[in-house]
Number of protein chains: 2
Amino acid sequence: MLELAILGFLYDTPLHGYELRKRIAALTGHVKPVAESTLYPAIKRLEKAGLLDRATEPGSVAAPRHVLSLTEAGRRELHRRLAEPDPRDISDENRWFTVLAFLRHLDDAAAQAGVLRRRLAFLEEPASFFYDGDRPLRAEELDDPFRRGVLTIARATSRAELTWLRETIASLGG
Amino acid sequence: MLELAILGFLYDTPLHGYELRKRIAALTGHVKPVAESTLYPAIKRLEKAGLLDRATEPGSVAAPRHVLSLTEAGRRELHRRLAEPDPRDISDENRWFTVLAFLRHLDDAAAQAGVLRRRLAFLEEPASFFYDGDRPLRAEELDDPFRRGVLTIARATSRAELTWLRETIASLGG
DNA sequence: ACGATATACCTCGGACCCGATGTATAGGTA
DNA sequence: TACCTATACATCGGGTCCGAGGTATATCGT
């Protein structure tokens, strides 16, 4: 998820680590903060894998900046991660939102629609958080008000997203 | 999140690891699967910390079961984790849902309302995923249909949850 | 002159997580 | 007979993540 965000932001324009940190904080930080001690090693990983280039520039304010840019391999890797997301990227909303935030970088509309269709299939499966044996329970069947809340919220999300997915897939010519 | 689920399920009734695994899979597994090799070490951690007791029983079908039950310290720890959730438990929906799934174990209605109020405060803060400088952007201001989708879905979730939170806090006498 | 804050990067240890793999037993099925 | 699935537990290595702490420079307020 973090690596996808790094690749996604750098696809648009080269950035140094500190600026990257601020952009990632703006994107997902209010929900899932990312520590500096997570970001810098992640940058090193991607650099070591040949996906990033580093160019040292004199710092405009303080210490020298390491301006990062995607290599050709990095651009390909971003496309690969967007076109063939991990199952977790589909099911986990945090990761899914990160995919959506950068899906425009996949310039093929059919490939974009394919990714949306995978999320659609996931949401259309009958699933709950609470079961009676194998049968998924509905909000109305629960006594616990907090568990009822979980289902109420999840259902609202699911409805909004299903509507949006179907519209968007249609508008992509899928 | 995993540890909270273990403590939460065992609060109701003793269970062996394999059954615990199935319950956790039913609760959060469709969104965020938990591997066996994550569960068993987590059980050991909690046991080592004195929160769990283990009693070996002959297996009803196959290998002998290790039936796990909460110690008094384990019950206190669950209450503590529910009453004073980590900030991440409030902001991250996956973790928040786990808190909600077991919040009924906190028998004090005022404490329950306090936890809901923390989530309410988080949702009432003006936040987005995308910004123009410091100003959070609305869905309508975005050209990118995928990013617009993120905000559309997030807004639907937020609205449903705000309504539910306010109702539930009121009904708790908060 | 002093401290706080922002910029800009980094390391270390410990905790956590996962995939792969292993060890058994029992039941079904080809 | 052979294999697959389910039950039930566990370890190992590699990787990821975070909090705490460290190193500088520049700016601003007091």
Side-chain angles (χ1 to χ4, degrees), chain A residues 1-7 14-26 28-29 31-49 51-52 54-68 81 86-89 91-92 94-95 98 133-134, chain B residues 1-7 14-26 28-29 31-49 51-52 54-68 81 86-89 91-92 94-95 98 133-134:
Chain A
M1 215 191 81
L2 173 58
E3 295 185 359
L4 184 62
I6 295 172
L7 297 174
L15 295 169
H16 56 276
Y18 197 78
E19 175 63 25
L20 203 43
R21 177 163 160 45
K22 287 197 286 186
R23 303 221 179 172
I24 292 171
T28 55
V31 169
K32 216 177 164 59
V34 173
E36 280 198 4
S37 50
T38 304
L39 176 62
Y40 286 110
I43 290 171
K44 288 209 168 171
R45 277 202 302 279
L46 297 176
E47 197 188 356
K48 201 174 160 192
L51 310 179
L52 259 55
R54 179 186 297 241
T56 304
E57 263 185 19
S60 66
V61 180
R65 292 168 166 177
H66 294 182
V67 177
L68 309 163
R81 292 195 193 206
D86 185 283
R88 273 181 187 70
D89 292 331
S91 68
D92 184 340
N94 290 333
R95 300 175 65 149
T98 307
D134 279 341
Chain B
M1 213 192 82
L2 173 59
E3 295 185 359
L4 184 63
I6 295 172
L7 297 174
L15 295 169
H16 56 279
Y18 197 77
E19 175 62 24
L20 203 43
R21 177 165 161 43
K22 287 198 286 186
R23 302 219 179 176
I24 291 171
T28 54
V31 169
K32 217 178 162 59
V34 173
E36 279 197 4
S37 49
T38 305
L39 176 62
Y40 286 111
I43 290 171
K44 286 209 168 170
R45 277 203 302 279
L46 297 176
E47 197 187 356
K48 202 174 160 193
L51 309 179
L52 259 56
R54 178 187 297 241
T56 304
E57 264 186 17
S60 66
V61 179
R65 292 169 166 176
H66 294 182
V67 177
L68 308 163
R81 293 195 193 207
D86 185 284
R88 271 180 187 70
D89 292 331
S91 68
D92 183 341
N94 289 333
R95 299 176 64 151
T98 307
D134 279 342

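To find a chain, count down the sequence lines: A is the first, B the second, and so on, and within it residues start at 1. Only this structure's heavy atoms are used, side chains among them; waters, hydrogens and symmetry mates stay out.
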Heavy atoms, side chains only, cut-off 4.5 Å: are B/Asn94 and A/Asp92 in contact?
-> yes
Provide the start and end nucleotides, 5' to 3', of the part of DNA chain C that has atoms under 4.0 Å from heavy atoms of chain B.
-> C/dC16 to C/dA26
Rounded to the nearest 0.5 Å, how far apart are CD1 of B/Ile43 and CG of B/Leu39?
-> 4.0 Å
State, to 0.1 Å, how close A/Ile6 and A/Ala42 come at their nearest heavy-atom pair, and which atoms those are.
-> CD1-CB, 4.0 Å
What protein N or O atoms touch nucleotides 19-22 of chain D N or O atoms at under 3.5 angstrom, if any, and at what distances?
from, atom 1, to, atom 2, distance (Å)
D/dG19, N7, A/Ser37, OG, 2.7
D/dG19, O6, A/Ser37, OG, 2.8

Flag side-chain contact, heavy atom, 4.5 Å: B/Lys32 against B/Met1 = yes
Establish, with yes or no, whether the OP1 or OP2 oxygen of D/dA8 is under 4.0 angstrom from a side-chain nitrogen or oxygen of B/His16.
-> yes
A/Glu47: partners by salt bridge (Lys or Arg N to Asp or Glu O under 4.0 Å), with sequence neighbours left out = A/Arg54
Can you name the residues that form a side chain to side chain contact (heavy atoms under 4.5 Å, CB included) with A/Ser37, not counting sequence neighbours?
-> A/Ala35
Residue whose closest nucleotide on DNA chain C lies nearer the 5' end, A/Arg65 versus A/Pro41 | A/Arg65
Residue pairs fulfilling salt bridge (Lys or Arg N to Asp or Glu O under 4.0 Å) with at least one residue in residues 33-43 of chain A, sequence neighbours excluded | A/Arg21-A/Glu36
Nearest non-hydrogen partners of A/Val67 and A/Pro14, listed with the distance | CG1-CB, 3.8 Å
Which part of the nucleic acid, if any, lies within contact of A/Glu57, taking any heavy atom under 4.0 Å across all strands shown: a base, the sugar-phosphate backbone alone, or nothing?
-> nothing
Which sits closer to the 5' end of DNA chain D, A/Lys32 or B/Val67, going by the nucleotide each is nearest to?
-> B/Val67
Starting at OH of B/Tyr40 and ending at P of D/dC12, how long is that distance when rounded to a whole Å?
-> 17 Å
Can you tell me how far P of D/dT11 sits from CZ of B/Arg45, to the nearest Å?
-> 13 Å
Rounded to the nearest 0.5 Å, the CG atom of B/Leu7 sits from the CG atom of B/Leu2 at a distance of 9.5 Å
Nearest 0.5 Å please: distance from the CZ atom of B/Arg81 over to the OG1 atom of B/Thr98.
-> 12.0 Å
First of A/Met1 and B/Arg54 reached from the 5' end of DNA chain D, by closest nucleotide | B/Arg54
Contacts of type side chain to side chain contact (heavy atoms under 4.5 Å, CB included), residue A/Lys22, not counting sequence neighbours | A/Tyr18, A/Glu19
Would you kindly give the CG-to-P distance between A/Leu2 and D/dG15, to the nearest whole Å?
-> 17 Å
note: B/Arg95, atom CZ; D/dC18, atom C1'; distance rounded to Å ~ 11 Å
Those residues at least two apart in sequence (or on a different chain) that pass salt bridge (Lys or Arg N to Asp or Glu O under 4.0 Å) with A/Arg95 are A/Asp89
Hey, what bend do you get for the helix from C/dA1-D/dT30 to C/dA30-D/dT1 if you fit axes on five pairs at each end, rounded to 10°?
-> 20°
Within residues 17-24 of chain A: residues closer than 4.0 Å to DNA chain D (heavy atoms) | none
